[in-house]
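Scroll down for the structure; my scribbles are underneath it.
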Amino acid sequence: MSDDRIENRYEFRQIEAKWQKRWEEEDTFRVENSSDRPKFYGLDFFPYPSGAGISVGHCRNYIPLDVACRFKVMQGYNVLHPMGWDAFGQPAENEAIKRGRNPQEMVPEYAANYKRQLKLVGISYDWSREIDSSNPDYYRWTQWLFLLLYKRGLAYQANTPINWCPVDKTGLANEEVVNGRCWRCGTLVEKRPMPQWYFKITEYADRLITGLDTIQWSDGIKQQQREWIGRSDGAEVDFQVIGSDESIRVFTTRPDTLWGATFIVLAPEHPLVEKITEQNHKDAVKEYQDRAKKSTDIERQNTERAKTGVLTGAYADNPVTGEPIPIYIADYVLMGYGTGAIMAVPAHDQRDFEFARKYDIPVVLVYRSAPEQSADSMTEAIPAGGVMDSFLPSPGARTPASPFAGSPNNKDTVGKVVAWLQQYGVGKGVINYRLRDWLISRQRYWGAPIPIIHCAKCGPVPVPENQLPVLLPDVERYEPTGTGESPLAGIPEFVHTTCPNCGEPARRETDTMGGFACSSWYFLRFTDPHNQDMAFSPEAAKYWMPVDLYVGGAEHAVMHLLYARFWTKVIHDAGLVDFDEPFQKLRNQGMLLAHTAGREVKAENEEGNEEEAEDLLENWKILKPEEKLTIPEDQWIWRWVKMSKSKGNVVTPDEMAEKYGADSLRLYGLFVAPFEDTVQWTDKGIEASHRYINRLWRLWTELHPHYIPEWKSRIASEFSSVSLSAELRSLRRKLHQTIRKVAEDIEDFRFNTCVAALMEYTNELSLFRNNLSSEAPTMEQALTISELLESLPLLLAPLTPHLAEELWSRLGKRNSLYRESWPEFDAEAAADEAITIVVQVNGKVRDRLSVAPDTAQSEIERLALACEKVQTDLINKQLRKTIAVPGKLVNFVVG
RNA sequence: GCCCGGGUGGCGAAAUGGCAGACGCAAGGGUCUUAAAAACCCUGGCCGUAAGGCAUGCGGGUUCGAGUCCCGCCCCGGGCACCA
């Protein structure tokens with residue numbers, strides 16, 4: 001085999017390793033906190049480093065942002081592109097328990113493996129800024145920020161019944177309960193009372209909604225956040241319980257239907273139930289409450305279920321009619337929303353209607369579409385339409401006669417009624433949110449300890465700032481105690497301390513913070529990761545923040561993003577930063593699916609344990625490794641499912657880099673589909689990218705001998721006086737059009753068409769090469785070739801950086817092209833010499849004209865009309881109209 | 001049920017209201033080779049010999065012109081759900 005043949009093959013393993021080593025040695029990706037250049041902050045959601053390492057699925061997230069960041073550097077930006085580890089939290093702790101290891105040792109090991117893999121794919125992170133949320137240098141400041149919230153009255157402790165996961169043996173936030181099950185392990189959630197720390201995120205509910213209008217996120221994600229916060233405008237109305245001092249406060253969005261409120265419903269857990277229930281109803285009420293307590297959230301969430309409830313025997317006055325109305329308890333009213341009590345208006349609310357019909361409660365129409373309309377004939381509630389009836393109050397009413405007779409059923413009327421009710425002290429307008437306060441306490445070892453000391457005399461006292469961090473102690477046993485107490489509670493040296501206030505003996509808080517605390521500010525730490533005196537310096541944050549581009553999976557659409565926005569607003573209010581939205585632009589990459597072998601499973605026997613629930617979907621189950629040996633292959637049923645370790649269908653970047661190279665992997669991920677789309681992984685796809693890279697390499701190396709280093713000045717001076725051949729003009733045109741297209745597409749995150757544009761250019765270049773005679777090229781040819789030899793590595797630099805560096809160095813360039821400027825786009829060279837005008841008759845294409853771009857419109861229309869096919873169509877018909885779109889088409893309307 | 005996406009060749013996908021299917025995969029044919037692989041070149045929506053006609057989930061509409069806009073459905077994916 002001759003040396004030529006070796007030279008002709010792209011030795012990607014060697015070359016990629018060479019450049020990765022050089023980037024490392026030269027610290028190429030390091031970035032400073034100051035520059036004359038404008039800043040750009042590109043951030044990936046920081047991952048939890050699991051033992052499985054990253055999959056090519058993670059790469060769908062990291063590679064596109066890497067392309068964008070590398071491109072921004074070439075465009076002259078000072079780019080911050082950091083990476084770190086979301087290391088605290090239950091996944092790491094569970095993994096450590098499973099492996100019988102200490103998470104303090106295990107996590108850095110896993111993180112190092114992630115780092116190795118990310119380097120293998122050629123991601124341009126500034127590793128000098130690597131952070132680990134479980135490192136005391138980091139969580140010290142998480143604790144500091146906890147205290148900032150505490151001091152601003154935004155952290156409080158409440159002894160509340162919490163969601164309790166019997167498997168993870170820990171409390172769960174409402175947000176972590178999905179369909180009544182633990183969001184991580186899928187176990188049915190129980191209730192258990194526990195002193196818990198909460199953050200008052202509800203105080204920021206409105207700002208978390210309005211802030212959405214100032215940032216560039218997809219409408220879908222914004223909508224999800226709005227719904228999660230769930231603002232609804234309405235009123236609170238007080239109902240006096242007859243024969244008692246108590247009154248019941250209800251929340252309603254329809255105070256205008258108060259005249260039709262014929263009963264009241266309390267949630268079974270409502271504290272007033274005890275006080276107002278009549279003696280002869282106590283047994284029934286007690287029984288109903290017990291049943292409600294036992295029924296799972298799943299059952300209570302079933303909308304189809306018939307409404308049930310029982311009478312308390314107590315009555316309240318309807319404040320506007322003066323009529324006594326019965327008070328029920330029913331589980332369709334939730335203690336956690338509004339006031340835990342509703343006024344029921346069966347005529348205009350479907351749930352109330354069903355309940356009223358079942359228990360024979362009167363239905364009173366507030367709005368009628370026709371005077372003769374009667375409540376008796378109704379089969380369902382009428383939420384909209386009609387005009388309001390007139391109502392005369394009984395003597396017991398707290399208001400005069402309704403002045404709203406004839407008012408339409410709309411928002412305007414609601415507003416007027418609220419003002420009227422307010423005037424008579426019956427109710428007041430309020431805004432209610434679905435959002436609840438954020439439960440931060442975890443009775444777990446692997447988290448940042450909550451920096452509070454409980455003193456019998458002084459109550460909860462913050463740990464003084466100079467005593468931070470409250471170190472997570474080394475322990476023998478870090479498994480959950482199972483009693484609900486944190487493992488830290490079993491370590492006397494940790495628990496026993498003195499009160500910073502009075503010096504008396506005191507106890508440390510033993511709960512740790514949930515992982516969402518760590519991830520609510522890490523983007524700030526990256527701006528100043530080694531600061532020992534502050535969480536971050538105001539200057540660093542001011543320089544880098546907000547994040548210009550945040551990239552990650554849509555599964556974080558609600559919780560993480562909401563919490564991070566909340567903390568940022570608190571930090572802003574404390575005067576530490578001058579912005580209050582952390583992430584300007586957000587992009588969510590699509591899922592990556594792997595073709596996965598499974599087998600049919602009978603639907604009826606629900607194989608209930610959680611491990612199986614994971615991979616059981618629609619009568620189909622993923623084959624376990626041992627089953628692949630016993631079940632013949634022709635019985636396997638293949639489906640596309642999400643690539644993940646637990647499903648055993650992971651493809652790793654390591655094997656792909658080994659087989660095809662990192663650049664091939666990068667190119668495939670970018671090319672296969674739009675960034676946001678779900679992708680089905682195939683090896684065929686990466687093979688195609690690999691082929692393309694080899695093809696490009698061959699083309700480039702074949703043309704390389706014609707390279708003239710000083711081409712740029714000579715093109716500038718010579719090409720204006722020489723008339724280039726049409727072929728060379730066309731080749732330069734395509735090059736400059738590609739330069740423009742690639743830049744636009746990277747900017748818009750349209751990587752698939754970006755790669756396609758490069759392929760188109762390569763195809764054209766290939767034709768040119770084939771036509772090139774074996775003799776020495778002319779000077780014009782050599783200069784044109786030189787231009788593209790240099791432009792190609794620059795265009796490829798963000799996408800396939802290893803290949804690009806190698807080509808660049810072969811041009812005799814000494815420096816990495818990481819900081820080279822993006823190639824200049826020559827508008828003149830890119831201008832089309834001829835444009836195609838489509839000729840249509842009645843909107844159907846009949847012919848095409850190729851004309852110079854400056855051809856007069858009248859001339860174009862004359863040529864179009866002269867087309868043979870147009871003339872044929874005009875026989876025996878009349879030309880009625882001519883539509884002309886300059887530069888595009890001429891359409892003749894005939895009839 | 002509600003909210004957010006989406007439905008285009010055998011497949012992944014392109015297309016500011018203006019040539020539907022760029023680019024790629026798979027396929028077929030060819031060149032080179034003793035042969036194969038690799039590489040390179042060519043063909044390719046459907047019907048029709050052709051002229052031409054029909055094609056972007058289905059049905060309407062707006063428009064000179066609709067994959068794109070509007071109305072009504074069907075299907076797929078994701079999220080939320082007795083929210084008063």
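Throughout, a chain's letter reflects where its sequence line sits, starting with A, and its residues are numbered from 1. For clarity, every value in this text was computed on a predicted model and none was experimentally measured.
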Nearest-Å distance once atom P is located in both B/C40 and B/C23
15 Å
Apply the syn/anti split at 90° from 0 to B/G9 and say which one it is.
syn
Identify whether any heavy atom of A/S689 sits under 4.0 Å from a base atom; if not, whether one sits that close to sugar-phosphate; answer base, sugar-phosphate or nothing.
nothing
For the side chain of A/T252, counting heavy atoms from C-beta on, which of B/C40, B/G79, B/A84 is nearest?
B/A84
Angle between ring planes, A/F263 versus A/F355, binned at 30° and 60°: parallel, tilted or perpendicular?
parallel
Is the ring centre of A/F751 less than 6.0 Å from the ring centre of A/F749?
yes
Rounding to the closest angstrom, what is the interatomic distance between B/A35 and B/G45 at atom P?
33 Å
Rounded distance in Å between the P positions of B/G18 and B/A66
11 Å
Sequence-aligned protein contact record of nucleotides 10-23 of chain B, with B where the base is within under 4.0 Å of a protein heavy atom and S where only the sugar-phosphate is:
--BSSSB-BBS-BB
Work out how far the P atom of B/G67 is from that of B/U56, and round it to whole angstrom.
7 Å
Separation of B/G24 P from A/L670 CG (nearest whole Å)
16 Å
Just the rounded figure in Å: distance from C1' of B/G65 to CZ of A/R846.
13 Å
Using Watson-Crick geometry (N1-N3 plus N6-O4 or O6-N4) or G-U wobble (N1-O2, O6-N3), each under 3.5 Å, B/C69 is paired with B/G61
For B/C80, does OP1 or OP2 lie under 4.0 Å from any side-chain N or O of A/R434?
no
Between A/F675 (CZ) and B/G5 (P), how many Å, whole number?
17 Å
Name the pairing partner of B/G28, where a pair is Watson-Crick or G-U wobble with both distances under 3.5 Å, or state none.
B/C42
Closer to the 5' end of RNA chain B via nearest nucleotide, is it A/D219 or A/N432?
A/D219
Report the distance from atom OH of A/Y692 to atom P of B/C40, rounded to the nearest whole Å.
12 Å
Nucleotide B/A84, atom C1' - distance to CG of A/D331 in whole Å
14 Å
Expressed in whole Å, how much space separates the C1' atoms belonging to B/U43 and B/G21?
16 Å
Check: A/D437/A/T202 side-chain N/O donor and acceptor closer than 3.5 Å
yes
Nearest-angstrom distance, P atom, B/U31 to B/U49
29 Å
B/C40 OP1/OP2 closer than 4.0 Å to side-chain N/O of A/R698:
yes
With both distances kept under 3.5 Å, what pairs with B/A81, Watson-Crick or G-U wobble?
none
Test side-chain hydrogen bond (donor to acceptor under 3.5 Å, both in side chains), reference A/S664, set A/E687, A/K659, A/R691, A/H690, output is A/H690
Hey, are the side chains of A/C59 and A/Q589 touching, using non-hydrogen atoms and a 4.5 Å cut-off?
no
When rounded to whole Å, the CD to C1' distance for the pair A/E354 and B/C82 reads 9 Å
Report, as yes or no, whether the 6.0 Å neighbourhood of atom NZ on A/K358 holds more than 12 heavy atoms from other residues, nucleotides or ligands.
yes
By the 4.0 Å heavy-atom rule, please label A/R695 as base, sugar-phosphate, or nothing.
sugar-phosphate
Closest nucleotide of RNA chain B for A/Q224 versus for A/G338: which of these residues is on the 5' side?
A/Q224
Would you give the length of the straight line joining atom CG of A/L258 to atom CZ of A/F239, rounded to the nearest 0.5 angstrom?
5.0 Å
Across all strands shown, which nucleotide pairs with B/U56 by Watson-Crick or G-U wobble geometry, both distances under 3.5 Å?
none
Without decimals, in angstroms, what is the distance between A/W640 CH2 and B/G77 P?
16 Å
Can you list every salt bridge (Lys or Arg N to Asp or Glu O under 4.0 Å) pair that touches residues 880-891 of chain A, not counting sequence neighbours?
none
Sticking with atom P, work out how far B/G60 lies from B/U68, rounded to a whole angstrom.
14 Å
Within the 4.0 Å heavy-atom criterion, would you say A/R226 contacts the bases, only the backbone, or no part of the nucleic acid?
nothing
Give me the distance, rounded to whole Å, that separates B/A20 from B/A36 when you measure between the C1' atoms they each carry.
40 Å
By nearest atom, which of the nucleotides B/C83, B/G79, B/C54 is closest to the A/L334 side chain?
B/C83
Hey, does A/P346 have a side-chain heavy atom less than 4.5 Å from the side chain of A/R357?
no
Rounded to the Å, how far apart are A/D873 CG and B/A51 P?
15 Å
Select one nucleotide: of B/C40, B/G53, B/C80, the one nearest the side-chain heavy atoms of A/R769.
B/C40
Out of B/C40, B/G24, B/C82, whichever nucleotide has its closest atom nearest the side chain of A/R351:
B/C82
Report yes if some heavy atom in the side chain of A/T308 is under 4.5 Å from a heavy atom in the side chain of A/Y328; otherwise report no.
no
Considering just the side-chain nitrogens and oxygens of A/K684, establish if one lies under 4.0 Å of OP1 or OP2 belonging to B/C25.
no
